[in-house]
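The block underneath contains the structure these notes are about, expressed in structure tokens.
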Amino acid sequence: MTFKHIVVMPKMSMTMETGELINYHVSPGQHVKSGDLLFEVMTDKIDMEVDSPADGVITTLIGEVGATIEIGKPVLEMETETQVISFDFSESPADIPPEVAAIPAQPVITPPAPVTPAVVLPSSVLAVPKARAMAAEKGIDIRTVVPTGPDKTIMAADVANAQQNPELAKRRAGNQALIAARIAEGSLIPQATFNKTFAIENKLSDAKIMKTWARVLKEALSTEIGVAKVTPSIYGSALPVYKNIESMDEASLTSLITSTTASAANGKVPLAMLSGASSTLFDLRELKLESGRLGLLPGQSSTLTIGSGKKGKISLSLTVDLRVFDLYDAAALLARFITIL
Amino acid sequence: MSDKSDKTDTNSRMLTMAESLREAMTIAMTERDDVFLMGEDVGIYGGAFGVSSEMQNKFGPERIIDTPISELGIVGAAVGAALAGMRPIVEIQFSDFTAQAMDQIANQAAKIHFMLGGALHVPLVLRTPQGSGTGAAAQHSQVLETWFANIPGLKVVVPSNPADAKGLLLSAIDDPNPVIFLEHKLLYKFPGRDSVPEGSQRIPLGVSKVVRRGSDLTIVATGIMVNKSWDVAEKLAAEGINITLIDPRTISPLDMEPIHESVLETGRLLVVQEGPSHGGFINEVIARVSESSTFGSLIAPIKRLAGMNIPIPYAPQLERAAVPQVEDIEAAAREIVKNWR
């Protein structure tokens with residue numbers, strides 16, 4: 001199975017709006033590996049090399065060498081072997097692929113009217129902690145929210161009623177539709193789910209879980225393993241892919257997860273982490289949800305959902321592609337994972 | 001943490017707090033020979049508030065010891081007895097008088113275990129009444145819980161009802177090191193809302209009790225303020241304002257877990273104590289919420305209700321006005337929930 005992926009002009013700095021395409025390092029028909037140099041870009045601040053997000057074949061060079069291209073506009077098109085969850089950090093929000101936009105289950109989002117900016121925004125405002133947290137999450141400038149609380153304090157309800165940034169709303173909708181489409185596609189895969197709740201003495205770190213899961217998959221599949229971790233961001237759920245982590249030490253992996261999670265929260269996932277997932281991991285423990293199940297994503301052979309379980313226990317739900325895993329082997333996979341943990 | 005030990009006895013009945021405390025001491029003295037009670041008028045007279053009434057008839061003057069009027073001497077003798085392997089219970093007639101014994105409490109009892117590298121224990125319980133409302137004026141009405149809570153090495157228990165008082169006192173007597181047990185005078189004749197289990201069930205120290213649950217406001221209160229807050233919660237529930245009421249029961253060590261859990265849900269916190277606000281125990285609760293991630297869930301400023309920073313007046317109207325009353329708690333609860341959304 002191959003997937004069409006469009007590589008766009010990336011946003012490399014806060015102020016960058018356009019970039020000049022200096023040269024291509026690939027030509028149509030060329031096979032590339034994830035991380036291979038595709039093209040170079042010059043901006044008023046820096047020059048940068050853009051790498052391939054996945055293994056694949058270059059199909060079309062869209063941008064002209066020497067042209068100034070807006071961020072999010074296409075530069076080249078390629079066919080990839082793995083699904084690039086093009087978590088929408090750089091694409092223009094209008095660029096939701098038509099086949100995705102056409103999915104009937106997509107929630108209808110009417111973009112709200114743009115917020116009329118106040119002529120002069122105050123340098124600071126009074127707001128309860130929850131209001132600030134909500135505003136940050138929704139991408140609202142807290143200073144634009146009309147306060148209705150005592151002493152002109154912005155309340156949580158004020159932020160809830162405030163208009164969401166339309167740009168952000170569009171991106172969230174796009175990202176959400178994309179994931180929904182992949183899950184819909186994945187639901188056609190023959191699959192089976194196995195659940196297990198087990199007692200665990202120590203609090204398991206994210207790194208320990210991811211590393212162990214990667215190790216178990218590596219043992220079973222003997223291929224390069226990438227584990228996508230469902231991560232919250234301002235654009236909705238991001239799925240950064242952690243590759244070859246089974247041999248990483250726990251401390252380095254922990255710091256990689258921490259930095260990636262922080263960067264994803266702000267809507268930025270490194271290109272190299274957008275593809276190559278063999279499995280997706282959804283950890284519900286922080287939300288204190290006892291259990292859950294995530295469906296398969298196309299191009300991946302499993303998903304693993306971890307819940308907080310009942311007191312002192314955690315719950316696991318493993319869904320596998322039965323074309324990749326034998327029914328019995330898949331169940332054994334879960335048992336093996338628990339044993340190693 | 002939860003308090004599963006509370007309500008599992010099948011045989012239980014309604015007792016006042018004076019009766020339940022007497023029952024706890026009687027059980028402890030029956031269980032083991034090294035427990036004894038000493039204090040001013042605890043024997044023939046049965047204690048200033050009748051807590052040890054008739055106990056001398058049962059256990060004799062060697063185990064229910066009437067002492068001279070010398071708080072320093074009483075506590076000093078008790079510390080010595082504890083070091084020699086006994087488990088003394090000391091009753092100081094009014095907590096205001098602990099000032100006389102403070103060197104033995106703060107510099108000896110609290111520290112010996114630590115200064116001797118854990119080689120010795122001081123299994124001492126100091127029971128003493130506190131609080132206003134009896135017209136006993138400034139030197140017999142104070143709430144001094146923060147004096148003791150500020151001394152590492154002391155555990156500080158503030159029961160709010162007969163059932164808790166019994167289970168907590170039994171745990172205090174079991175404890176290998178000093179426990180200050182502060183009983184509100186107005187609660188001695190209080191029958192409580194819950195019946196008191198028969199038998200020798202302990203309630204562990206350092207476990208907060210969620211007295212009732214509601215999603216609109218969290219009230220943390222101690223001692224008699226738990227009962228005043230209960231009345232408010234009952235009244236406001238009829239108006240659709242639902243309150244979670246938490247009684248820490250021991251203010252040192254302090255179990256914050258249910259408090260965080262509740263504030264994460266309600267976003268609103270009201271803390272109530274009878275002692276003066278300046279340097280009060282409730283400030284510790286607020287500080288711990290403020291420096292934790294729970295802070296981000298606040299949708300209203302945290303509200304304190306505490307005694308005024310004045311000596312308790314003799315005039316009944318002024319005495320009443322000097323500490324939080326049901327109507328003050330009700331007004332504060334209403335204000336927080338109505339004004340902050």
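All heavy atoms count here, side chains included; hydrogens, waters and symmetry mates do not. Bear in mind the structure is a predicted one, so any value in this text is a computation, not a measurement. Numbered from 1 within each chain, the chains take letters A, B, ... in sequence-line order.
- The number of heavy atoms from other shown groups lying within 6.0 Å of CG (A:D151) does not exceed 12.
- B:K303 NZ: 12 or fewer foreign heavy atoms inside a 6.0 Å radius.
- Contact annotation for residues 276-298 of chain B against chain A (heavy-atom separation below 4.5 Å, listed by residue number): B:F295, B:G296, B:S297, B:L298.
- Closest heavy-atom contact between A:P150 and B:N339: CD-O, 3.7 Å.
- Residue-level contacts of residues 212-227 of chain B with chain A do not occur; threshold 4.5 Å between heavy atoms.
- To the nearest 0.5 Å, the span separating OG1 on A:T148 from CZ on B:R341 amounts to 5.0 Å.
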